[in-house]
Amino acid sequence: MGKNKTDLLAGTLDLIVLKLLQSGPANGWDITQRIHVLSRDILSINYGSLYPALHRLEARGWISSEWGASENNRRAKFYTLTAAGRRQLAAERQTWERFSTALELILQTR
Amino acid sequence: MLNRLKPRLRALFRRAKVEQELDEELSYHLEKDVQRHIAQGMSLEEARLAVRRGFGNVELFKEESRDARGTRLFDDFVQDVRYVIRTLRKSPGFTTAVVLTLALGIGMTTAIFTMIHGVLLRSLPFKEPDRLVLLYTVMEGEGEYERLLSPPNFMSLQAEPRRSFAEIAAVRHTSPTLVGVGEAQRLEGAGVSAGFFEALRVRPFLGRTFRPEESEPGEVRAVVLGHALWQQQFGGDRDIIGRAITLDRKPHTVVGVMPPRFDFPSECALWVPLEYGGEFSATTTAHRYLHSVVPVLARLRPGVSLEAARAELRLLGRRLEERFPETNRGTSFTTRPLHEEIVEDVRTPLLLLFGAVGLVLVIACANVASLLLARAAGRRDEIAVRAALGAQRGRIVRQLVTESLVLGLGGGLLGLGLAFWATDRLVTMWPEELPGLDAIRVDGTVLAFTFGIAIGASLLAGVVPAFRASAGGRSATLQSGGRSGLGSQRGQRTRSVLVVGQLALAVVLLVGAGLLLESFARLTTVDTGFRTERILSFQIGLPDTGYGSLGQVRAFYNQFLERVRQQPGVRSAATISRLPIEQGPDNSGFRAEGRTLRGVRGQRAPSPGEEQLFIDLRIVSPAFFETMGVPLLRGRGIREQDAAGSLPTVVINHAAAKRFFAGEDPLGRRLRDFWDDQIAEVADAFTIVGVVGDMRSRRLDRAPAPEVYFAHAQVPLSSMWVTVRAAGDPLTLTGPIRRELKALDPSLPVPEFRTFEQVIADSVSRPRFVATLVTLFSAVALTLAAVGIFGLLSFAVAQRTHEIGIRIALGASPRTLVETVVREALVLVVIGLALGIGGALALTRVLEAQLYGVSATDPVTFTIVALVLGGIALIASLIPAWRAATVDPLVALRAE
């Protein structure tokens, strides 16, 4: 939570979580760590935002959860992308790409 | 869809588990974080500290997680309910008072609603019941009065081509005697024409219903048994079909058994074909003009409205008028829904009771509202503290409303139990067989109703106090200690409104109860015109077989009366065709000789300009007037000599003499051309030999009508009522009378004996029942209102203890203090009474039809109610006033 780290744009957390779950089930802590690593320390997620987001996505049926054993054999909750989540990811990804392209175009104008 | 629903449902119903999982998930996460920090070189201590620093407010994001699950509102509600139950447990007195008050109001309302729902709102247990209607004859110039159909007119309607009606069937009450199965037994049955079962769309349980040809007269007749009779008398024997049974000494073949719940007309044990012999047909002219009328049932064709059916009936009426001008002049037909006719009698009393319990419920709500208000005032400090700590006003209101909802649901549950119990009692106590009795039960609709009024009542009682209590909580209350701030004054005003409202409603209920009681009292003390004590009555019906000739009937009754008279303890015994009060009389048209009007022969309709006279007919044996104690005013009564072959004689009552022979001497005058077939057969004209006093023979609440008495020896009806005047207890005579009857004819069924006092009591059983219930409700209302007023005034006085203490310290006398408090209370009482009297004046008019001998605006009742309620309110205010006046000024000043 350093000050040099970027706060997330509204709505992007859902997209990130869905994307990270595309490669397979993961628990909450895994997700924070992978965001950390994959964004090369730029993004950091507060648990205060992550867990409500996970529960929100689950309530919408985009991800499902299951208790399982973690790598050191502790009980942990694993989240999996559902078919609906896969569709949602595709849709959100498309929206995001259109948005970033548009933003890029605007920022490039002289 | 299921995917999305599951986590929410889980969140709702497995709340604890979900919360625990959330905790577990978070602790796993935190642990991993600590491990990560340690891996990066921190000590365990440092790592924990770092994690806790970055951790933030756990409760906050738990809340957010709950929000994400979409169950926040519910979670809050559950939390509120838990809190409420905790706090209610701390004040058991208050909780009990509120729950009991609500349970009483809700329970009584639910019980009456259960009956209304079962009787009035539910449809008949037949297919498409709203298509079932009854047909009536409408006579020109007779206003609203509608009659049943004459058999030939019914047959014509049945034969006419018609668009509106699918089936038309006649139903006539019969009471045949069943012999050969156990003891001879008189049964209630119905003679039904072809199409009856088809119109109801009901199939037999066993065998078949009637074929059209079975309505023709024959040696052996068909009979369909009711399920109950089949079970009780024939042991449910499935081989009953085709078996012969004996009804009224004639062989009948059982062709079918109806299903268990089929009960139409109500309490009918069996059905036989309605047989008119060759006497009438669709084309005969005879007997068409209102002879031996019969109830007619019909089923509307799909899509035909009642209006369309009525229009077609008018058309059919006109067609019959053209074909039978002599008899059908000015005659038409109309129809009314069957269900309406069946429930007509009980609708008003039921709605009346519902209105009464509704008022009780509102008073109960006002009571609970004042209790909540007082409680909220007592908790003002707590509320103020919560408000100061940042609780939103909405949250506080919600908390308070939740409290009243919990109380309301508690009251509702208890009330439901009360309703179960009370409904059973009501149904058993209801003075007559209720239509659709089976349908009266607590079901989904009733539950929904109870739930609805429980919530409604708690909101009604809880919302105003909740807003009052939370208003201005933040600043004013904390500063002033909550005694004299704006909130308190407004609370005072709300309380005043509640006192006034309760009083006003109680006045309305009490006036209603008072009027009903007064009218019931007048009804039971009405001068019947005869002596009702020590009279035993019972009915004897002779079958046609064995008593086919007039002589046989005459002989039987002569012998029987003679044997009864010889019993010790019998003063006199007589017969009458229809029992006074118990049954409506036979009403007939006739002509009075010597009146300057053209008479009307019963066989044809009156021509324009002709007047038709109507009179009630009764056939009596010589000792009847003596037995009943009816005074002879002029001439003589019916005598033994008035027998077959001698001069046809009648006795009329005072009302008839006044109506038909005003200012003239009726003795020796003749009444002629009676419509009644049996009387017309005896003679064209009957000479008046005497005038007797008036009996209230139709109903106790109706003035005596003109009545004519024929001699039983001249008009020997086979079914008669016997009245016996005893020297002592009339019920001791039942054994000997039963023995005499058996000795005379063992095949006759045992009659049902009743004293005449019982007959009269039964005839007023409904007004008595309604008056009793409304009085009971009023007593509850009065108690609630009194307790409410007492509570509110006590509270108001207690609130002013401090002020009163100052006054006493300054030298005010107890007397002045009592006067001040009572004067303030009196203002409210007077306003309440005034409003209540105004309301009662407007509302008791709906009672008018239920009242006898007392006007709906009876000043005596109004005055008594005002005095009683005013007195109770005064006492309720005196106690707190006295308490205030005798307060120790030091204690009062310290009361903070």
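Throughout, a chain's letter reflects where its sequence line sits, starting with A, and its residues are numbered from 1.
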Participant: Checking heavy atoms, do the side chain of Asp30(A), its backbone, both or neither come under 4.5 Å from chain B?
Facilitator: neither
Participant: Is it the case that more than 12 heavy atoms not belonging to Arg48(B) sit under 6.0 Å from its CZ atom?
Facilitator: no
Participant: Roughly how far apart are Trp67(A) CH2 and Glu24(B) CD, rounded to 0.5 Å?
Facilitator: 4.0 Å
Participant: Looking at Gln94(A), I want to see if its CD is surrounded by more than 12 non-hydrogen atoms of other residues, nucleotides or ligands under 6.0 Å.
Facilitator: no
Participant: At what distance, to the nearest 0.5 angstrom, does NE2 of His29(B) lie from NZ of Lys77(A)?
Facilitator: 14.5 Å
Participant: Can you tell me how far apart NE2 (His55(A)) and CD (Glu25(B)) are? Round to the nearest 0.5 Å.
Facilitator: 4.5 Å
Participant: Nearest heavy-atom pair of Arg75(A) and Tyr28(B): which atoms, and what distance?
Facilitator: O-CD1, 3.8 Å
Participant: Taking atom NZ of Lys32(B) and atom OG1 of Thr32(A), what is their separation to the nearest 0.5 Å?
Facilitator: 9.5 Å
Participant: More than 12 heavy atoms of other residues, nucleotides or ligands under 6.0 Å from CZ of Phe78(A): is that the case?
Facilitator: yes
Participant: Just wondering, are more than 12 heavy atoms of other shown residues or ligands nearer than 6.0 Å to CD in Glu97(A)?
Facilitator: yes
